[in-house]
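One structure is given below, encoded as structure tokens.
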Amino acid sequence: MQVSIYRFIPDSDSEPRMQDYEYDLPDDRDLMVLEVLENLKAQDPSIGYRRSCREGVCGSDGMNINGQNGLACKTPVSEAVSRDRLVLRPLPGLPVIRDLIVDMSQFYRQYERVEPFLTNDNPRPAQERLQSQEDREKLDGLYECILCACCTTSCPSFWWNPDKFLGPAALLQSYRFLADSRDTATEERLSKLDDPFSVFRCRGVMNCVNACPKDLNPTRAINEIRTLLIKNGT
Amino acid sequence: MVVNATSFSRSGLTDFLLQRVTAVVLGLYALCIIGFLVANPDVDQIRWVRYMTSPVMLVFGTLTILSFAVHAWIGMWTVGTDYLSEHKMGKYASLVRLLYQGFVVLVVFTYLLIGLGVLWRLPAIFL
Amino acid sequence: MKNLRTLDFDGLIVGGGGAGLRAGLQLAESGYKTAVLSKVFPTRSHTVSAQGGITCAIASEDPDDDWRWHMYDTVKGSDYIGDQDAIEYMCSVGPQVVYELEHMGLPFSRTETGRIYQRPFGGQSKDFGRGGQASRTCAAEDRTGHALLHTLFQANLKADTTFLNEWFAVDLVRNQDGVIVGVIAIEVETGELVFVRSKVTLLATGGAGRIYDSTTNALTNTGDGVAMALRTGVPVQDIEMWQFHPTGIHGMGILVTEGSRGEGGYLINCDGERFMERYAPTAKDLASRDVVSRSMVIEIDEGRGCGPNKDHVYLKLDHLGTEVLNSRLGGIMELCKTYALVDPAVEPIPVVPTCHYMMGGIATQVSGQALSQDEQSDDVPVPGLYAVGEVACVSVHGANRLGGNSLLDLVVFGRAAGLHIQDVLGQGISQRDASASDLEAALARVARWEESQKGENPAELKAELQALMGSSFSVFRTEQKMQDAISKLEDLRSRIEAAHLTDKSEVFNTARVEALELDNLLEVAEATAIAAEGRRESRGAHARVDFEERDDENWLFHSLYFAEDRSLRKRAVNFAPSTVEPFEPVKREY
């Protein structure tokens, strides 16, 4: 198999290039893309990428694999490879720092903008705040986000307005707190979303749903926010 | 909160709702026209003008032309802020976008005037 | 040197996992200038991988539950070398700390009455072992660590903590008076070396499971804090105690939570026998982890393993039904389907004992204050240095940690350290300075790699080290193998010190970080080897073939390893809890 990797080392490269490596796949088992990268890096230590948990929960190794955003540690080579070629590029839409490593500050800024923390003005009880199983169920499919940015960097609206449109990941988290029965800041949260860009730039392209390695559905969360805004505004 | 002075209502929600309400108006108006033509296969000019100049259709037509203007402006403004942004084009983006928006305003306003003019002079010309 | 950029803080926290973020939150809320320095963006820390839950007597599943029962279980689980003052503190303060997490927004699963859901975990009992299995582990499905880490990070955003994300701490800076005055760190994105100076430095760098070839730990768990401490003359305690989790996915090292057995799953051998009934007639599959792991290895060694090579056993979950599996163990379902190509609702999961947790670490007081020992074997604090979480050994886990106690350890002692440091800073301590030669010492390691011109590939040396540790210091240990390994580690040290960093670029050089991590792995591996060889008994996770019994007469002690002279000393275990009678050592049965 040929592995083609986007390379850019600002110390020595004036512009990015694709570098090809030959890789012999084992016959007896499928590899994850990250395993291929780890083995290549053992030979060429200069290849730069982030990774940590290698089991799809830390969200470090989001990258563009044969044109599709995904986690390297969770993408089997057999599913990604086409015509015996594996093409690895950094996540699109964010500045490249080096090789497969992108500058995620813009992504994190949008996450922080939705004030992703529980706000509750009532006095704290001596024990936990009670929450019914039905109310807790509303958080399923929201709190599991790992902030890998696969969704947001596959969204054309985010490419166009990365500073104004919050992007699917941040909006998913926004809704995670709007949907939490323990949060009392619904009005304030909604009032901060009622501009032409933050939420309403979502066009329902649904690239985010397609890209999410955790099978979450940001588009649905965005529609829920819209519904809340409409209810709140009328 | 992101605001942009040139958006229609400065509220994303209002823009979003207006876009959809105006689309419904445009759609209904189209249905009325098509419905009339289907129901009257042997239509002639007299009946057509009479239909179009009935008070209901005059008001509806006016509403439709206004809806068209609002709908077009919101849509074209959105497209402009997607493609003609500082993020993509650098420091001249604002100027380019302003020129583009001026052009869109001109076109929409022209259509608006012509549309209303045609609609409201129909009774005078034909009746 | 004179160009070295310097940043100043009141409190510096190295490590952005659960312990570091909990301590950071406490300090930031108190208004002190606090920084959390982390080599990965905080939500990528290994706490995120914790699955099953956080054990704590909040009396949700059982209204009569008592933190003293939890304390009893923890002391027994530790095989009696857990410090009872620390365990008492953790178990009694625990409920309050868990409620705080809930108030911060942690999305716990719920009971029908709306309280926090608790599930049974290994080693848990009611009424001091007399009342049967307890359900004491508070859970957010099987993603509790993820939920906890994100919640703590979010709370820190709210508190406006300063983050130095993707900064790699190279070494502690210790001045001539023996005071820790901060760290030398690399801002990885630019490659710049920075002196991060602080009145107080707290290590929360997590574990070092990557010294083994088969581990549930993240690739970043390289024992940076332990190694930094050892290099500055601070000893580490009970570092021979490594927990092997019974259910790592065979061949992948990926964890399947103990909660899967808590929900009713069990282990079977190639005959389909539920073999834990033989080894632990009462607790069965929910015996303590060390007990279950040893039983599995015995089954495999005696030829009752599964698969073509008979080198693993099966974890059976299919009888639980799809509904329980999806609602309580959704994360496990996903992991198994992706990495083991097995659907747990249909077929059993191939599992083997896999390195999971470092019980040992930097000895500390309950306040997190790091300790060393003077000539008279008395505890002496290391001025300016604190440690919490897996890097620390406070010691609540002793020779074997109970499932669900690690998350509790992180938040209880992260908070305790934050509170204590707040007090210390309130007393108005001044920033101590470091001389050029103090800084030089901390910069030496980076300089060594930068100047390397030829030598072996660090990646290959790392693989060699991991294989050596895996073959010599796993579930069962023998004198001969350990001694061989110690001499091989000496050889590896000289080879690693002569190894070659080929990539010397500045911008986001991960090869440099990995080379520095290799140094750290070596320090931890060597400490483990010498401490394991030195402890001539079997206790908790440390099982020796040549010394099969626990030896309370000679070894009811902590081991304390000093890297300077590679010596192993003993330190007394605390048997003086303040509100309950101490639990005296008895034979440990499940």
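Naming convention: chains lettered A, B, ... in sequence-line order (proteins, then strands); numbering from 1 in each chain.
- The distance from the CG atom of A:L130 to the OG1 atom of C:T113 is 7.0 Å, given to the nearest 0.5 Å.
- Within 6.0 Å of atom CD in A:E187, 12 or fewer heavy atoms from other residues, nucleotides or ligands are found, so the atom counts as exposed in its surroundings.
- Contacts of A:I47 with chain C are made by backbone atoms alone, with heavy-atom separations under 4.5 Å and no side-chain atom involved.
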Test C:T338 against A:K74 for side-chain contact (heavy atoms from CB on, under 4.5 Å), laying out the working first. CA-CA 7 Å; C:T338 311; A:K74 236 194 130 180; 4.0 Å; yes

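- The number of heavy-atom neighbours closer than 6.0 Å to CD of C:E112, taken from other residues, nucleotides and ligands shown, is 12 or below.
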Let me see the working for C:E102 and A:R124 under salt bridge (Lys or Arg N to Asp or Glu O under 4.0 Å), right down to the final yes or no. CA-CA 10 Å; C:E102 196 282 331; A:R124 292 182 173 203; over 6 Å; no

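- The part of C:L335 that comes within reach of chain A is its side chain, from C-beta onward, which places non-hydrogen atoms under 4.5 angstrom from that chain.
- Taking A:K214, A:E115, A:E137, A:M104 one by one and counting their heavy-atom pairs under 4.5 Å with chain C, the maximum is reached by A:K214.
- For the atom pair OG (A:S52) and NZ (C:K39), the distance works out to 8.0 Å, reported to the nearest 0.5 Å.
- The shortest distance between side-chain heavy atoms of C:E141 and A:D140 falls below 4.5 Å.
- Between chain C and the residues A:G56, A:S12, A:P125, A:G48, the most heavy-atom pairs under 4.5 angstrom are made by A:P125.
- Note: C:R110 leads C:H46, C:R110, C:Q96, C:E100 in heavy-atom pairs under 4.5 Å with chain A.
- Of all the heavy atoms in C:L219 and A:R51, the pair that sits closest is CD1-CG, 3.4 Å.
- Comparing C:I58, C:V98, C:T216 by heavy-atom pairs within less than 4.5 Å of chain A, the highest count is held by C:T216.
- Counting heavy-atom pairs closer than 4.5 Å to chain A, the top-ranked of the candidates C:N165, C:L149, C:N217 is C:N217.
- Contact tally against chain A (heavy-atom pairs below 4.5 Å) for C:P458, C:S45, C:G114, C:A218: the top residue is C:G114.
- Residue A:N122 qualifies as enclosed at atom CG: its count of foreign heavy atoms under 6.0 Å is above 12.
- Note that OH of C:Y99 and CZ of A:R129 are 13.5 Å apart. Values are rounded to the nearest 0.5 Å.
- Contact annotation for C:A511: both backbone and side-chain heavy atoms come within less than 4.5 Å of a heavy atom of chain A.
- Nearest approach of C:N457 to A:A42, heavy atoms of both residues: ND2-O, 2.7 Å.
- Atom CZ of C:R44 sits about 6.0 Å away from atom CG of A:L147, to the nearest 0.5 Å.
- Proximity to chain A (any heavy atom under 4.5 Å) is shown, for C:Y117, by neither the backbone nor the side chain.
- Donor-acceptor pairing under 3.5 Å is lacking for the side chains of A:R50 and C:T510.
- Summarising the geometry, atom CG belonging to C:L341 is positioned 9.5 Å from atom CZ belonging to A:R29; distances are rounded to the nearest 0.5 Å.
- Of the listed residues C:T111, C:L501, C:T47, the one with more heavy-atom pairs under 4.5 angstrom with chain A than any other is C:T111.
- Using a 4.5 Å cut-off between heavy atoms, A:C145 touches chain C through its backbone atoms (N, CA, C, O) alone.
- In this structure, A:R17 places its CZ atom where more than 12 heavy-atom neighbours from other residues, nucleotides or ligands lie under 6.0 Å away.
- By the 4.5 Å heavy-atom criterion applied to side chains, A:I97 and C:E189 are counted as neighbours.
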Kindly determine whether C:D503 and A:R98 satisfy salt bridge (Lys or Arg N to Asp or Glu O under 4.0 Å), including the steps that lead there. CA-CA 13 Å; C:D503 179 7; A:R98 168 184 179 146; 2.8 Å; yes

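- Residue contact with chain A, scored on non-hydrogen atoms closer than 4.5 Å, is absent for C:L101.
- Atom-to-atom distance recorded for A:E55:CD and C:E334:CD is 10.0 Å, nearest 0.5 angstrom.
- For A:Y108, the part lying under 4.5 angstrom from a heavy atom of chain C is the side chain only.
- For A:E134, no part lies near chain C; criterion is any non-hydrogen pair under 4.5 Å.
- If you tally non-hydrogen atom pairs under 4.5 Å between each of A:L139, A:I101, A:D44, A:D180 and chain C, the highest count goes to A:I101.
- Annotation for C:Y339 and A:R54: closest pair OH-O, 3.9 Å, computed over non-hydrogen atoms.
- At distances below 3.5 Å, at least one donor-acceptor pair connects side-chain atoms of A:E128 with backbone N or O atoms of C:I116.
- Side-chain contact between C:L157 and A:Y111 is present, with at least one heavy-atom pair separated by less than 4.5 Å.
- Closest approach of C:S505 and A:I9 over heavy atoms only: CB-CG2, 4.0 Å.
- Taking the six-membered ring where tryptophan is involved, the planes of C:H146 and A:Y143 are perpendicular, since the angle between them exceeds 60° and thus also 30°.
- The most heavy-atom pairs under 4.5 Å with chain C, out of A:P76, A:S60, A:S132, come from A:S60.
- Counted within 6.0 Å of CG on A:D27, heavy atoms from surrounding residues, nucleotides or ligands total 12 or fewer; the atom is thus considered open.
- Contact tally against chain C (heavy-atom pairs below 4.5 Å) for A:K41, A:Q133, A:E112: the top residue is A:Q133.
- Here C:R115 is the residue among C:E514, C:R143, C:R115 with the most heavy-atom pairs under 4.5 Å with chain A.
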